[in-house]
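Order of appearance sets the numbers: ligands from 1, and atoms from 1 within every ligand.
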Amino acid sequence: MLRTRIRYGVTAAAVAGVLLAATACGGTTRGDDEGAGGGGAAGEADPDAEIPEGLSIGFLPKQLNNPYFTYANAGGEEAAEELGGEYKEVGPSEASASSQVSYVNTLSQQGSDVIVIGANDPNAVCGALNQASQAGAAIVTYDSDTDPECRDVFVNQATAEDIAAVQVEMIAEQIGGEGEIAFLSATPNATNQNTWLELMEEELAAEEYSGIEVVDTVYGNDDDQKSFNEMQALLQSHPDLAGVVSPTTVGLAAAARYLSGSDFKGEVALTGLGTPNQMREFVDDGTVEEFALWNPRDMAYLAAYAGASLSAGRITGAEGETFEAGRLGEYTVGADGEVVLGPPTVFNADNIDDYDF
Ligand code: RAM
């Protein structure tokens, strides 16, 4: 059921996002309880408010030079142009917990109207984000959230439950429902990966997966070489390993590179989250059967529209508010200020050539 929904999810992405958000309930948002400085998130929303010309929209990904964020942020730039705003991108070269604080401060000092951040840690940037909010910026997290208290809206690429479920389904299928598996994650503090890991462990505890045992979780820190080395070490220290799940595009590509040149190719299954362009050669050479992702460009595009709508006062981040997101259509703010892009897509030899990112 989920499988079907995910496989055909691309065309239904916007619709599903709206439905998922609209059916969510409970929770509070930053806009509800304390307001968000001059970011437009305090008080009542005015759906008819004009989006001002020349908004300064700053993107701060987990790290620069990660093809996932490079491609994603092209969507931020596209949206900023459509909105008549000014696009900016800053960020660290390493996805470490505290690395983003100084960039938030810089964007704030430069008078950013909107800050869109993929957080390396749920709390490390909160002080800086609160200051930026008080200085007038609307705060949007995308890809990886902060504590909900530290932002106005979180643009989630898909529900965490769907992202966990698709990966569990893929690995279970690829190892025939039985054997030892391990996780090769990103950084130890990443909000998104930690949420997915927790949900995958929960899912794997179900009777249906009783033949599968998680024997290790290691961290490649979204660093190519470290991820490559961690994959090698996993395979050496667990001779009976049946499969590896890497819920990070950096980790999955590096792990596939190691696996494709090793004796384990075809013996150990590898899946997780990857970009079609980085994974194409490993699907072609038979190292990887299937993996999943969403459209990162749409995620950042949606985040820019959410930020502009907050900045204009069209929305405050409260549950049930709706806003227009250009070519993606209308979205609804769900519980805890979360806006869901849509379900993930599964890529394999049959469809990978339909995607160029
Ligand atoms: C990496 C990053 C990012 C994650 C993707 C799947 O690029 O860790 O946060 O969403 O993988």
Taking atom types as modelled, find out whether [X] and [Y] have a side-chain donor-acceptor pair closer than 3.5 angstrom.
{"X": "E289", "Y": "N348", "answer": "no"}
{"X": "N192", "Y": "D145", "answer": "no"}
{"X": "N73", "Y": "E77", "answer": "no"}
{"X": "T275", "Y": "N277", "answer": "no"}
{"X": "E82", "Y": "Y301", "answer": "yes"}

Quiz prompt | Passing option when D222 is tested against N120, T249, T248 for side chain to side chain donor-acceptor pair (under 3.5 Å) | solution = T248
Exercise. Answer yes or no: does an N/O atom from S144 fall short of 3.5 Å to an N/O atom of ligand 1?
Key: no
Practice problem: Check each heavy atom of Y142 against ligand 1 and say whether those closer than 4.0 Å belong to the side chain, the backbone, both or neither. | Solution: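 Neither part.
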May I ask you to identify the nearest protein heavy atom to [atom], giving residue, atom name and distance to one decimal place in Å?
{"atom": "atom 9 (O) of ligand 1", "result": "D143 OD2, 2.4 Å"}
{"atom": "atom 7 (O) of ligand 1", "result": "T249 OG1, 2.6 Å"}
{"atom": "atom 2 (C) of ligand 1", "result": "D222 OD2, 3.2 Å"}

Enumerated ligand 1 atoms positioned under 4.0 Å from heavy atoms of [X]:
{"X": "W196", "answer": "10 (O)"}
{"X": "K62", "answer": "2 (C), 3 (C), 8 (O), 9 (O)"}
{"X": "Q157", "answer": "10 (O)"}
{"X": "N66", "answer": "1 (C), 7 (O)"}

Quiz item: CD of E198: more than 12 outside heavy atoms within 6.0 angstrom?
Solution: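 No, CD of E198 has 12 or fewer neighbouring heavy atoms, counting only those of other groups under 6.0 Å.
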Quiz item: Is W294 in contact with ligand 1, taking contact as a heavy-atom separation below 4.0 Å?
Solution: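 So W294 counts as touching ligand 1.
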Practice problem: Measure the distances from the heavy atoms of Y71 to every atom of ligand 1 and state whether one is below 4.0 angstrom. | Solution: no
Quiz item: Does the distance from a Lys or Arg side-chain N to an Asp or Glu carboxylate O, for E78 and R327, drop under 4.0 Å?
Solution: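 Yes, E78 and R327 are salt-bridged.
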